[in-house]
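Step one of this worksheet: look at the structure below.
Both backbone and side-chain heavy atoms feed into the values below; hydrogens, waters and symmetry mates do not. Order of the sequence lines sets the chain letters (A, B, ...), proteins ahead of strands, with each chain counted from 1.
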Protein chains: 2
Amino acid sequence: MEDQFIKIASLIGDPVRAIIMWTLLDGKAFTATELAIAVSTSPQNISMHLAKLLDAGLLCVEKQGRHKYYRFSNKEVAYAIEAMASLIPPETPQKKNPEKHSPIKNCRTCYDHLAGKIGVAVTESLLKQNIILDSDAKFELSPEGVKWFSDFGINLEDLKKQRRLFLKPCLDWSERKNHIAGSIGASLLDKMIADDWLRRTKDSRAIQITGKGEKELFRYFKIVV
Amino acid sequence: MEDQFIKIASLIGDPVRAIIMWTLLDGKAFTATELAIAVSTSPQNISMHLAKLLDAGLLCVEKQGRHKYYRFSNKEVAYAIEAMASLIPPETPQKKNPEKHSPIKNCRTCYDHLAGKIGVAVTESLLKQNIILDSDAKFELSPEGVKWFSDFGINLEDLKKQRRLFLKPCLDWSERKNHIAGSIGASLLDKMIADDWLRRTKDSRAIQITGKGEKELFRYFKIVV
DNA sequence: GTAATACTTCAGTACAGATTTAACTATGAT
DNA sequence: ATCATAGTTAAATCTGTACTGAAGTATTAC
């Protein structure tokens, strides 16, 4: 079993493959070429690395014409990468450009639920409005919360049918605060994109907030972007 | 930030260091020499590797005379390693000796709470006896449960004072089933060791079940060892 | 049809970083 | 005081594996 673990660890341990995993963290699928650019290496090289990750079952691939789209093969992979990222020392000894933080930090998707600054802020607001309750480090939905989500246009009954966790906290490593994950977190993100509050950018590492989103985020959550 | 992630990933990605982390998974502290033996490499080499892990903050060390005891510096490290271990493909295409499974598989400590076959079985029994309740993929303690734990000799009030999570499920990768983690899980393990149901073995990768433990595990949980 | 794009395969090379050899310090045992 | 054990440090060597270059297939565009 040890050797199996070594195999996984050294797979992720290579610099090129580490960046591949890091890049795939937002849950979107990338083509081989896109990944080659993200990692700044040659197509041959990325091909070799992707083959290894594929072989180990960490990634899966979907062929579309002459393109191949790579993504994590399951949630566990994303969680493992997040867990490793959480080990990055919290120091942050004041970068040169303290305010030139990339949009990623503002609003990234943590696999498929809402994360980053916005995710944390939304969660805090939901807590403050007693829509969700924080009981002993786990989240619960309040009776008012049920009504709120229905008003917001999210059907909780549909969500409950999904096998995945309904409502769970998730420690976001870039903010070091809890935000909601699970199907509710994912559906919030979906709804915000559907209503054009947020847009995925082309290269998809980050999420942009639209003008409408800016207003609505303040209206619903008192978040100032 | 990427470079920080690469650093962590390639630290864990080296075969020797991967086994070190794997070995430390049971939460016990090991000396440098013990680790050198576990990894089967030279003292000089293990010293170099431990220095790197220490420098990155993944491990911490406690000096006792001429010995140095190494352990994970925090829970996050253990969780990250567990998360990586969960990526080991589940295949298990029928080993040669199907029943010669090592004691580790029977009963290992998952950082410091009870895991492995016994941990899962205990959890199932607690659920069946309605001592803990499984509500929407999170565990809750029932009123009867409060009494049960007090009868069992575990003071829940003391546990609640600890900052760490009181009761939470934890997917054990070797069994692929939920078992209880958090302070209750840890205290169950402590109690069982204190009452000599279980004993840590010398090299501590596994836990042995005593004769007494065998009887009591059946009496309390209907577990046949 | 031809050209261009997306990706793969294979053999040869290079190099970072692990390991070894050797000499060192510090604590504990007799 | 002497020896053994636990661990460290430094320079020399060795090696696995990533990378390069060259040549291939498959799909789309024109």
Derivation of the side chain to side chain contact (heavy atoms under 4.5 Å, CB included) call for Met21(A) and Leu58(A): CA-CA 9 Å; Met21(A) 301 308 267; Leu58(A) 299 186; 4.1 Å; yes
Which listed nucleotide ([options]) is nearest to the side chain of [X]?
| X | options | result |
| --- | --- | --- |
| Arg66(B) | dA29(C), dT20(D), dT19(C) | dA29(C) |
| Asp14(B) | dA18(C), dA29(C), dC7(C) | dA18(C) |
| His49(B) | dT19(C), dC7(C), dC19(D) | dT19(C) |
| Thr33(A) | dT21(C), dG21(D), dA6(C) | dA6(C) |
| Lys68(A) | dA18(C), dC7(C), dA18(D) | dC7(C) |

How close or far is atom [atom2] of [N] from atom [atom1] of [X], stated in whole angstroms?
| X | N | atom1 | atom2 | answer |
| --- | --- | --- | --- | --- |
| Met48(B) | dA11(D) | CE | P | 15 Å |
| Gln44(B) | dT13(D) | CD | P | 17 Å |
| Leu50(B) | dA6(D) | CG | P | 15 Å |
| Ile20(A) | dC19(D) | CD1 | C1' | 14 Å |
| Phe30(A) | dC7(C) | CZ | C1' | 18 Å |
| Ile37(B) | dA6(D) | CD1 | C1' | 11 Å |
| Asn45(A) | dT9(C) | CG | P | 14 Å |
| Lys7(B) | dG17(C) | NZ | C1' | 15 Å |

Touch class at under 4.0 angstrom, heavy-atom based, for Tyr70(B) against every strand present: sugar-phosphate
Just how far is it from atom [atom1] of [X] to atom [atom2] of [Y], taken to the nearest 0.5 Å?
| X | Y | atom1 | atom2 | answer |
| --- | --- | --- | --- | --- |
| Leu53(B) | Asp14(B) | CG | CG | 9.0 Å |
| Arg71(B) | Leu59(B) | CZ | CG | 11.0 Å |
| Phe30(A) | Ile20(A) | CZ | CD1 | 11.5 Å |

dC7(C) phosphate, OP1 or OP2, under 4.0 Å from Ser47(A) side-chain N/O: no
Residue closer to the 5' end of DNA chain C, His67(A) versus Thr41(B) (nearest nucleotide): His67(A)
Parallel, tilted or perpendicular: ring planes of Tyr220(B) versus Trp197(B), cut at 30 and 60 degrees: tilted
Pairwise 5' ranking along DNA chain D for Val16(A) and Lys63(A), keeping only the more 5' one: Val16(A)
